[in-house]
Enquirer: 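Here it is, the structure in full.
Predicted model only: the values in this text are computed from it and were never measured.
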Amino acid sequence: MSDRTRGAADPGRAAGDDDRACAIGLDRAGFTVYAGVRKPEDGEALRAEASRLEPLIVDVTDGEAIAAAAERVREATDGRLAGLVNNAGVAVAAPVEGVALGELRRQLEVNVVGQVAVTQAFLAMIRAARGRIVFMSSIGGRNALPFISPYNASKHAIEAIGDSLRQEMRPFGVEVSIVEPASVATPIWDKGTADALAARERLDPAIDAAYAERIERFQALAAKTGAAGVAPEEVAKAVEHALTAAKPRTRYLIGREAKIQAKLAAVLPDRVMDRMVEREINRTRPAGAS
């Protein structure tokens, strides 16, 4: 990184522990961090733990808010930005047959269109500094699972956008990396459970009845996996490496689970992988089940 004092923009969801760990970690590494938050109180909470961090109110679906944040960073850095970390995101869960199209659009608007919009707004500053760009993806960007197809689709899209951008930025000396964690141990799993229940309430009763048992088992499996997931600090370390290493990786697989899934998917036929996923779902008991 040519000049850390130029800053790193991190337009994430400050309520998530992984986002907070990234912002605080970069601040402690010597970056001036411009951290995107949705609410002023989230910004104040981050500022209390940091030395140089400046919160910016940003909604990645609001073009005017993105433009205002970019202008603030441009003024503060003389138009030279060391790094951009794209980690804003939401997760929509439902079977393909019953997913509300409005929720699918929201998923893609935040996780894909929003990240592209932020990247466009900051890219000239990144080019000027020969800086770095990091996209927060997931092992789900490689291997899709049942009942979270909107989320998986958004991560698959980010993988493609990151690959294309990396090639487009090569002549400018700008590195682009994709971070692919497995489950991260954060309170998002508690929120995910509530969101999943709300999503089921929106399902057509006949569709819900058809999938109910498997959805409940998958939900229990997701919560169990998340509780045993990698620490948010592990994700933060990967992001810092992507921003500072002389030769950053194009992809960072984070966590034993992610590495195992990637290796299995590379050698096993799709139908064998399908059977393995089905077996894990069937052997998981929902909370309260006898």
Side-chain angles (χ1 to χ4, degrees), residues 13 15-16 38 59-61 88-116 136-161 180-229 257-258 261 264-265 268-290:
R13 300 157 293 123
R38 294 289 302 275
D59 179 343
V60 299
T61 66
V90 296
V92 173
V96 173
E97 184 177 2
V99 65
L101 296 184
E103 286 295 288
L104 175 60
R105 292 186 181 100
R106 181 175 72 93
Q107 175 78 89
L108 299 177
E109 185 68 26
V110 174
N111 289 27
V112 183
V113 179
Q115 294 205 20
V116 172
M136 193 64 66
S137 182
S138 162
I139 187 60
R142 298 192 190 195
N143 306 325
L145 292 174
F147 308 119
I148 51 173
S149 62
Y151 176 79
N152 290 147
S154 73
K155 295 305 184 181
H156 275 263
I158 284 298
E159 298 272 338
I161 288 166
E180 302 171 324
S183 300
V184 180
T186 78
I188 193 172
W189 290 103
D190 296 332
K191 181 178 184 297
T193 299
D195 286 348
L197 290 172
R200 286 192 61 190
E201 290 176 356
R202 290 192 292 268
L203 285 176
D204 178 277
I207 294 176
D208 182 56
Y211 294 98
E213 182 179 353
R214 290 183 68 213
I215 288 176
E216 289 168 4
R217 288 178 179 272
F218 178 80
Q219 186 178 335
L221 177 61
K224 176 182 176 182
T225 304
E257 177 194 345
Q261 286 188 42
L264 290 176
L268 295 179
D270 290 344
R271 296 190 189 282
V272 174
M273 287 292 293
D274 291 348
R275 287 196 293 272
M276 291 176 66
V277 171
E278 186 72 14
R279 185 169 64 245
E280 285 300 310
I281 293 173
N282 287 340
R283 68 192 294 183
T284 303
R285 290 181 176 275
S290 58

Enquirer: Which pair of non-hydrogen atoms, one from M136 and one from P181, has the smallest distance, and what is that distance?
Expert: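 Reported closest heavy-atom pair: SD-CG, 4.1 Å.
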Enquirer: If you take all heavy atoms of A182 and I139, which pair is closest and at what distance?
Expert: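 So the minimum-distance heavy-atom pair works out to CA-CG2, 3.9 Å.
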Enquirer: For the residue pair P146 and F218, what are the closest heavy atoms and their distance?
Expert: O-CZ, 3.4 Å
Enquirer: Can you name the one residue among E159, H156, K155 that meets side-chain hydrogen bond (donor to acceptor under 3.5 Å, both in side chains) with S137?
Expert: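 Result for side-chain hydrogen bond (donor to acceptor under 3.5 Å, both in side chains) with S137: E159.
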Enquirer: Would you compute the distance between atom CG of L145 and atom CD of Q261 and round it to the nearest 0.5 angstrom?
Expert: 6.5 Å
Enquirer: Is N111 close to I158 at the side-chain level, that is, under 4.5 Å between some pair of heavy atoms?
Expert: no
Enquirer: Measuring from I207:CD1 to I215:CD1, what's the distance to the nearest 0.5 Å?
Expert: 9.5 Å
Enquirer: Could you give the distance from OG1 (T284) to CZ (R217), rounded to the nearest 0.5 Å?
Expert: 7.5 Å
Enquirer: Checking E257 now: which residues fulfil salt bridge (charged side-chain N to carboxylate O under 4.0 Å, His left out) with it, not counting sequence neighbours?
Expert: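 Salt bridge (charged side-chain N to carboxylate O under 4.0 Å, His left out) list for E257, sorted by chain: empty.
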Enquirer: Does CD in E213 sit with more than 12 non-hydrogen atoms of other residues, nucleotides or ligands closer than 6.0 Å?
Expert: no
Enquirer: A side-chain contact here means heavy atoms from C-beta on lying under 4.5 Å apart; do Q115 and I161 qualify?
Expert: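 Heavy-atom side-chain distance check fails, nothing below 4.5 Å.
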Enquirer: My understanding is that only residues two or more places apart in sequence, or in another chain, count here; which of them pass salt bridge (charged side-chain N to carboxylate O under 4.0 Å, His left out) with R271?
Expert: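 None.
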Enquirer: Please give me the minimum heavy-atom distance between V110 and G89, naming the atom from each residue.
Expert: CG1-CA, 3.9 Å
Enquirer: What do the steps show when you test F147 against Q219 for side chain to side chain contact (heavy atoms under 4.5 Å, CB included), and what is the final call?
Expert: CA-CA 9 Å; F147 308 119; Q219 186 178 335; over 6 Å; no
Enquirer: Under the side chain to side chain contact (heavy atoms under 4.5 Å, CB included) criterion, do L104 and V92 qualify, and how do the steps go?
Expert: CA-CA 7 Å; L104 175 60; V92 173; over 6 Å; no
Enquirer: Would you find a donor on one side and an acceptor on the other, under 3.5 Å apart, between the side chain of Q107 and the backbone of V90?
Expert: yes
Enquirer: Quick check on D204: does its CG atom have over 12 non-hydrogen neighbours (other residues, nucleotides or ligands) under 6.0 Å away?
Expert: yes
Enquirer: What are the two closest non-hydrogen atoms of A93 and I148, and how far apart are they?
Expert: CB-CG2, 4.0 Å
Enquirer: What closest approach, in Å, do A94 and S149 show between heavy atoms, and which atom pair accounts for it?
Expert: O-OG, 4.3 Å
Enquirer: Would R106 and E103 count as a salt bridge (charged side-chain N to carboxylate O under 4.0 Å, His left out) if you check the C-alpha gap in whole Å, the side-chain angles of each, and the deciding distance to 0.1 Å?
Expert: CA-CA 5 Å; R106 181 175 72 93; E103 286 295 288; 2.9 Å; yes
Enquirer: So which pairs with a foot in residues 93-112 pass ring-ring contact (aromatic ring centres under 6.0 Å, His included), sequence neighbours left out?
Expert: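 Counting only pairs at least two positions apart or across chains, no ring-ring contact (aromatic ring centres under 6.0 Å, His included) contact touches residues 93-112.
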